[in-house]
Amino acid sequence: GAVVSQHPSWVICKSGTSVKIECRSLDFQATTMFWYRQFPKQSLMLMATSNEGSKATYEQGVEKDKFLINHASLTLSTLTVTSAHPEDSSFYICSAAGLTNTEAFFGQGTRLTVV
Amino acid sequence: RKEVEQDPGPFNVPEGATVAFNCTYSNSASQSFFWYRQDCRKEPKLLMSVYSSGNEDGRFTAQLNRASQYISLLIRDSKLSDSATYLCAVNDNFNKFYFGSGTKLNVKP
């Protein structure tokens, strides 16, 4: 399957700081990228969908000013958690789909801990 | 109403058992359907796509029922290594992927 690389794998940050997570499609052009959040023992929750070159579409209840998504190229999308708080601690996963893909491929996920 | 719903389980089965999971979806215009497997603290991995005619891959069989809006996954001859959480996913007509909450499977010796 296609390869999606997510970085960093884990990060610990202080409350009030911002954290950027990168998601790269390594061997295909990702026209659409998805960002999910998963709390312990809970399901993957779609946060937002981004298409290359346009603004992300956020799911209901997700603050767009807090979770900044940029999808500037066909191989890179970034999620920035601004002014992080302990309740933002979670597992963040991206997935990517290309025009010819009917399925989405996942990055390895980023475990964020805000202290 | 959730886009995709699954029984969270857990399903506790002995090795060699046959186990089946169902998943219902709310959007009748959904285009594509998938089963993913997620191991603890890891990202989901695609297990198989689900086609209208049904498809089989070794011990795994997936089926789609558009009329009733559900997909199913059957695992035969369960192995200890099958223990994981199984997520169904639905791709709607705007190319968004929605996931079920996952069904946890524990295969016991």
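For the numbers below, each heavy atom of this structure counts, side chains included, while hydrogens, waters and symmetry mates do not. Just so we're clear, the structure is a prediction, and the values are computed from it rather than from any experiment. Naming: A, B, ... by sequence-line order, numbering from 1 per chain.
Within the model, atoms CD of A/Q38 and CD of B/E43 stand 11.0 Å from one another, a figure rounded to the nearest 0.5 Å. To the nearest 0.5 Å, atom CG of residue A/L44 and atom CD of residue B/Q38 are 5.5 Å apart.
Within 6.0 Å of NZ in A/K55 there are 12 or fewer heavy atoms belonging to other residues, nucleotides or ligands. Counting heavy atoms of neighbouring residues, nucleotides and ligands inside a 6.0 Å radius, atom OH of B/Y51 does not exceed 12 of them.
Taking the centre of each ring, B/F99 and A/F106 come in below the 6.0 Å mark.
Criterion: ILVMFWY side-chain heavy atoms under 4.5 Å apart, direct or through other members. Under it, B/Y36 and A/Y92 are not part of a common hydrophobic cluster. Hydrophobic clustering (ILVMFWY, side-chain heavy atoms < 4.5 Å, transitive): A/V11 and A/F91 are in distinct clusters. Linking Ile, Leu, Val, Met, Phe, Trp and Tyr residues whenever their side-chain heavy atoms come within less than 4.5 Å places B/L80 and B/F21 in a single cluster. No chain of hydrophobic side-chain contacts below 4.5 Å, direct or via other Ile, Leu, Val, Met, Phe, Trp or Tyr residues, connects A/L68 to A/I21.
Residues A/L46 and B/Y98 are in side-chain contact: their nearest non-hydrogen atoms beyond the backbone lie under 4.5 Å apart. Between A/R111 and B/R41, some side-chain heavy-atom pair lies under the 4.5 Å cut-off.
For a residue to count as touching a neighbouring chain, one of its non-hydrogen atoms must lie under 4.5 Å from one of that chain's; by this rule A/Q6 does not touch chain B. Heavy atoms of A/T57 lying under 4.5 Å from chain B belong exclusively to its side chain.
Note on A/S95, A/G109, A/G107: by heavy-atom pairs under 4.5 Å with chain B, the leading option is A/G107.
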